[in-house]
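Each remark here refers to the structure printed beneath this line.
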Amino acid sequence: LALALASLLPTAGARRSQDLHCGACRALVDELEWEIAQVDPRKTIQMGSFRINPDGSQSVVEVPYARSEAHLTELLERVCEKMKEYGEKVDPATHRKSYVRVISQDGTKMDLSGVKFDGDVTSSLKFACESIAEEYEDELIEFLSHEAENVKDRLCSKRTDLCDHALHIPHDEL
């Protein structure tokens, strides 16, 4: 019996880790997209070389600030602090963990039934968020610098494999 339990523990631990990293990635993208949406679309930043060309012109262009590399880099520095506004919810059927906001961004009432909210959850989620933001900084900036559809799925599932649960489930051999 002990041997059977010991063989199950790594799978449960791996699933918890995958749930945590997937949830952190999805929450990270949600937070970044929300922050981008809060910036005035008319706000711009000058990009390019500030050197004077031989003909007297400069190669400077103005780009929207919200999706500029400078703004996205600044957001990545502080966005994981928002993980303290998340809690853990366990699906009763699959026992998979997901992470949901416990404090709304717009002041609406939240349904917090079945949500675990404590220091362990928030610190684990914040740590996972910081790891993802550091490891995938280039990918995050690449995806978010252009307005795109399904950034969460494209980044967290396809590009990083952080959310590909079904692809990593072992199947019995025939």
Side-chain angles (χ1 to χ4, degrees), residues 7-39 64 66-106 108 110-118 120-174:
S7 68
L8 291 175
L9 284 176
T11 306
R15 185 172 75 206
R16 168 157 170 54
S17 176
Q18 186 176 35
D19 288 350
L20 176 67
H21 284 83
C22 176
C25 183
R26 296 181 73 78
L28 171 63
V29 172
D30 278 344
E31 292 299 325
L32 289 168
E33 287 182 327
W34 189 84
E35 289 282 345
I36 289 167
Q38 301 313 300
V39 176
R67 294 186 181 274
S68 68
E69 186 172 344
H71 182 236
L72 294 174
T73 302
E74 177 189 316
L75 289 178
L76 283 171
E77 297 284 325
R78 60 182 167 84
V79 72
C80 292
E81 292 297 321
K82 299 269 188 179
M83 296 302 122
K84 67 180 175 235
E85 299 172 6
Y86 281 77
E88 183 178 81
K89 193 168 191 165
V90 179
D91 184 306
T94 64
H95 302 290
R96 301 302 300 242
K97 292 176 172 53
S98 62
Y99 297 87
V100 294
R101 269 192 153 279
V102 295
I103 301 170
S104 74
Q105 292 169 320
D106 61 4
T108 56
M110 308 278 292
D111 174 20
L112 300 179
S113 56
V115 176
K116 178 182 172 188
F117 182 71
D118 64 26
D120 290 343
V121 168
T122 56
S123 64
S124 296
L125 194 60
K126 182 177 182 247
F127 181 75
C129 175
E130 289 168 344
S131 300
I132 292 165
E134 186 176 324
E135 186 173 347
Y136 297 107
E137 179 179 1
D138 293 340
E139 288 86 349
L140 284 159
I141 290 172
E142 175 190 331
F143 275 98
L144 294 167
S145 63
H146 310 288
E147 237 174 295
E149 303 254 333
N150 301 325
V151 172
K152 258 193 298 200
D153 293 334
R154 289 174 52 207
L155 181 75
C156 299
S157 295
K158 293 184 175 99
R159 180 66 71 93
T160 64
D161 288 339
L162 291 170
C163 292
D164 279 351
H165 302 315
L167 297 178
H168 301 292
I169 296 172
H171 299 285
D172 293 335
E173 291 184 12
L174 297 176

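Throughout, numbering of the chain's residues begins at 1 and tracks the sequence. In this text, all values refer to a predicted model and were calculated from it rather than measured experimentally. Reckoned from all heavy atoms, side chains included, excluding hydrogens, waters and symmetry mates.
No side-chain donor-acceptor contact under 3.5 Å links Ser157 to the backbone of Arg154. Listed for the Thr160 side chain is a donor-acceptor partner under 3.5 Å among the backbone atoms of Leu155. The backbone N or O of Arg67 sits nowhere less than 3.5 Å from a side-chain atom of His71 that would complete a donor-acceptor pair.
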(request) Would you please test Cys25 and Cys163 for disulfide (SG to SG under 2.5 Å) and show each step? (result) CA-CA 8 Å; Cys25 183; Cys163 292; 5.6 Å; no
(request) Test disulfide (SG to SG under 2.5 Å) on Cys156 and Cys22 and set out the steps. (result) CA-CA 7 Å; Cys156 299; Cys22 176; over 6 Å; no
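Note that CD1 of Ile103 is 8.5 Å distant from CE of Met110, once rounded to the nearest 0.5 Å. The structure places OG1 of Thr94 at 8.0 Å from CG of Asp19, a figure rounded to the nearest 0.5 Å. Rounded to the nearest 0.5 Å, atoms NE2 (His21) and SG (Cys129) are 10.5 Å apart.
Side-chain contact check for Leu72 versus Leu32: every heavy-atom pair is 4.5 Å or farther apart. With a 4.5 Å cut-off on side-chain heavy atoms, Leu20 and Lys97 do not count as touching. Side chains of Tyr136 and Leu162 form a contact here, defined as non-hydrogen atoms less than 4.5 Å apart. Between Lys89 and Val115 there is a side-chain heavy-atom pair separated by less than 4.5 Å.
The residues Asp91 and Arg96 are annotated as not salt-bridged, no charged nitrogen and carboxylate oxygen being separated by less than 4.0 angstrom.
For the side-chain contact (heavy atoms from CB on, under 4.5 Å) test, residues two or more places apart in sequence or in another chain that qualify with Phe127 are Ser131.
Contact record, Leu125 with Gly23: CD1-C, 4.3 Å, taken as the closest heavy-atom pair. Shown here for Ala133 and Leu76, the closest heavy-atom pair between the two residues is CB-CD2, 4.1 Å. Nearest heavy atoms, Leu28 versus Met83: N-CE, 4.1 Å. The two residues Lys158 and Asp161 come nearest to each other via the heavy atoms O-OD1, 4.0 Å. Of all the heavy atoms in Glu85 and Phe117, the pair that sits closest is C-CE1, 4.5 Å.
Paired with Asp30 under the rule salt bridge (charged side-chain N to carboxylate O under 4.0 Å, His left out), one option of Lys152, Lys82, Arg101 passes, and it is Lys152.
Applying the salt bridge (Lys or Arg N to Asp or Glu O under 4.0 Å) test to residues at least two apart or on different chains, the pairs with a partner in residues 133-149 are Glu142-Arg159.
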